[in-house]
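One structure below.
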Amino acid sequence: MRDLASVLKEFQKKYPAPAVGKGLSVEEAVLGDADVQAFWRENQDYLKKDALEISMMDLFEYVREKKRGAEGKATLYPGYQPTLVLEKGYPHVAYEPTEATKKRLRQAELLRAIAVPKSVAKADLNQIVEEVGQDEGRAPAVAAVVATFSALVNQRDTDSQDFVPGVYLLGDFGVGKTYLMGALANALAYNGIGVMMVHWASLIERLKESFGQNGDQSVLSLIDEAKKAPVLILDDLGADTLSAWSRDSVLGVILEYRMQHELTTCFTSNFDLDSLEKYLAQTREGQEPGKAARLMQRVLYLSRPVAMAGRNRRLNQ
């Protein structure tokens with residue numbers, strides 16, 4: 001098989017082409033690309049005689065899109081990079097995800113979210129850290145979340161069995177508790193750590209709705225998922241009207257399993273710890289302080305409380 005330069009010269013005689021940027025012809029742009037040259041050398045024993053003639057525009061698309069990507073310009077398939085593949089003796093351009101896209105795809109696989117606001121999907125922990133100086137009331141909470149994130153990544157990297165407690169994030173409405181925890185969830189999933197983030201009241205409603213439809217199996221499956229998630233974030237704990245069933249058969253079961261298996265668990269709530277205990281004690285069936293105290297022991301084992309203050313972001317957008 002002749003080298004690429006010789007093949008191109010013959011091609012240019014038969015098919016003269018217009019110039020494409022800086023006076024270069026399509027053929028010259030292709031010939032001048034080191035990756036195309038390397039591909040041709042590596043596959044010369046398998047290329048058809050008319051490979052250049054048939055695949056010229058594929059080769060040019062490869063060169064063009066690679067150049068656009070390197071220059072930060074818009075490409076045909078954002079997040080994907082061109083590559084050359086050999087198909088039945090002819091070179092073709094294909095697209096494979098960039099490393100950033102691979103991480104985003106893996107993030108989508110590792111993050112399970114139930115009834116989480118759409119805005120949380122874009123929450124960026126790095127950005128929150130950069131902006132924390134503008135709102136000092138959030139600084140302790142951000143520091144605690146970052147410390148938890150760092151500990152979990154270190155646990156993964158070192159294959160450590162040490163337990164990493166989560167964060168019990170408390171504060172008034174609208175200060176950004178859910179957004180901060182969403183940023184933690186995104187960062188963990190982006191770094192290959194499985195996480196489940198659930199709005200507590202919505203989880204209970206979803207479990208109730210499953211009764212009579214898919215039977216107990218559907219309920220058990222969702223509870224089991226929450227029990228065993230590598231990292232669990234229960235958002236807005238205390239937002240519902242508590243029942244003995246939701247407290248004992250859902251929350252209690254989840255927290256007991258996670259405590260026994262030392263799985264990192266985070267919470268957000270408008271309640272401080274005393275108010276949370278009162279909430280857990282009062283159900284439609286009456287006051288049960290003993291069961292509340294038992295659950296509080298699990299909350300305190302699984303997480304460390306930190307207050308989050310600041311302006312109401314929902315009212316000041």
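Checking side-chain atoms of N43 against main-chain N and O of F39 turns up a donor-acceptor pair under 3.5 Å. Under a 3.5 Å cut-off, the side chain of S243 and the backbone N or O of S246 do form a donor-acceptor pair.
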Open item on the list: Pair L170, L276 - check side-chain contact (heavy atoms from CB on, under 4.5 Å), show working.
Closed with: CA-CA 10 Å; L170 63 107; L276 178 66; over 6 Å; no

TODO: Take D272 and Y168 through the test side-chain contact (heavy atoms from CB on, under 4.5 Å) and record every step on the way to the result.
DONE: CA-CA 9 Å; D272 61 25; Y168 180 86; over 6 Å; no

- [ ] Would you check, one step at a time, whether the test side-chain contact (heavy atoms from CB on, under 4.5 Å) holds for K66 with V63?
- [x] CA-CA 5 Å; K66 187 178 67 167; V63 172; 5.7 Å; no

- [ ] Determine, step by step, whether V250 and L207 satisfy the side-chain contact (heavy atoms from CB on, under 4.5 Å) criterion, reporting the C-alpha distance in whole Å, the side-chain angles of both residues, the deciding distance to 0.1 Å, and the verdict.
- [x] CA-CA 9 Å; V250 182; L207 291 172; 3.8 Å; yes

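Shortest non-hydrogen contact noted between G171 and N270 is O-ND2, 3.0 Å. Nearest heavy-atom pair, Y62 versus P82, reported as atom, atom and distance to 0.1 Å: CE1-O, 3.5 Å. The heavy-atom pair separating M296 from L280 by the smallest distance is SD-CD1, 3.8 Å. Shortest non-hydrogen contact noted between A226 and L232 is O-CD2, 3.5 Å. V175 approaches R138 most closely through the heavy-atom pair O-NE, 3.9 Å. Closest approach of I223 to S249, counting heavy atoms only: CD1-O, 3.9 Å.
Legend: residues meeting ring pair (Phe, Tyr, Trp, His ring centres under 6.0 Å) with Y179, ordered by chain and number and at least two apart, are absent. Listed by chain and number, the residues in a side chain to side chain contact (heavy atoms under 4.5 Å, CB included) with T148 are L152, V164, V167, T264 (sequence neighbours excluded). Shown here are the salt bridge (charged side-chain N to carboxylate O under 4.0 Å, His left out) partners of K227, two or more places apart in sequence or in another chain: D224. Residues passing the side chain to side chain contact (heavy atoms under 4.5 Å, CB included) test with S160 are Q155, T158, D162, sequence neighbours excluded. Every salt bridge (charged side-chain N to carboxylate O under 4.0 Å, His left out) that E225 has, sequence neighbours left out, goes to R112.
The salt bridge (charged side-chain N to carboxylate O under 4.0 Å, His left out) pairs that include a residue from residues 286-305 are R247-E288, D248-K291, E256-R298, E288-K291, where partners are two or more places apart or lie in different chains. Annotation: side chain to side chain donor-acceptor pair (under 3.5 Å) contacts involving residues 68-80, sequence neighbours excluded, comprise E65-R68, K67-E71, E71-K73. Pairs of residues two or more places apart, or lying in two chains, that qualify as ring-ring contact (aromatic ring centres under 6.0 Å, His included) and include a residue from residues 110-165 are F163-Y301.
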Donor-acceptor contacts under 3.5 Å from residues 187-203 side chains, at least two apart:
residue	atom	partner	partner atom	Å
N191	ND2	A187	O	2.8
H199	ND1	S202	N	3.3
H199	ND1	S202	OG	2.8
H199	NE2	D236	OD2	3.4
W200	NE1	D240	OD1	3.1

If you look only at distance, which donor and acceptor atoms sit under 3.5 Å apart when one is on a side chain in residues 115-128 and the other is two or more places apart or in another chain?
residue	atom	partner	partner atom	Å
D124	OD1	N126	N	2.8
D124	OD1	Q127	N	3.3
Q127	NE2	E131	OE2	3.1

Side-chain atoms of residues 87-98: list all donor-acceptor pairs with protein atoms under 3.5 Å, sequence neighbours left out, distances to 0.1 Å.
residue	atom	partner	partner atom	Å
Y90	OH	D50	OD1	2.8
Y90	OH	D50	OD2	3.4
Y95	OH	E61	OE2	2.5
E96	OE2	Q81	NE2	3.3
T98	OG1	G79	O	3.2
T98	OG1	T101	N	3.2
T98	OG1	T101	OG1	3.0

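Using a 4.5 Å heavy-atom threshold, the side chains of L295 and L251 count as touching. Side-chain contact between R64 and L76: present, with at least one pair of heavy atoms (C-beta onward) separated by less than 4.5 Å. Proximity of I54 to K48: side-chain heavy atoms (C-beta onward) are nowhere separated by under 4.5 Å. Proximity of F267 to S269: side-chain heavy atoms (C-beta onward) are nowhere separated by under 4.5 Å. Put simply, the side chain of Q37 does not reach to within 4.5 Å of the side chain of W40, judged on heavy atoms. Annotation: side chain of L169 is not in contact with side chain of T178 (no heavy-atom distance under 4.5 Å).
In the hydrophobic clustering of this structure, V145 does not group with L110; members are Ile, Leu, Val, Met, Phe, Trp, Tyr whose side-chain heavy atoms approach within less than 4.5 Å, directly or through other members. Under a hydrophobic clustering in which Ile, Leu, Val, Met, Phe, Trp and Tyr are joined whenever their side-chain heavy atoms come within less than 4.5 Å, directly or via other members, V85 and L59 fall into different clusters.
Taken from CD1 in I254 to CZ in R258, the straight-line distance is 8.5 Å, to the nearest 0.5 Å. In this structure, CD in Q44 is found 8.0 Å from CG in L47, a value given to the nearest 0.5 Å.
Residues R206 and E209 are not paired through a salt bridge, judged by the lack of any N-O separation under 4.0 Å between the basic side chain and the carboxylate.
Members clustered with L263: Y257, by chain and number, using a 4.5 Å side-chain heavy-atom cutoff among hydrophobic residues.
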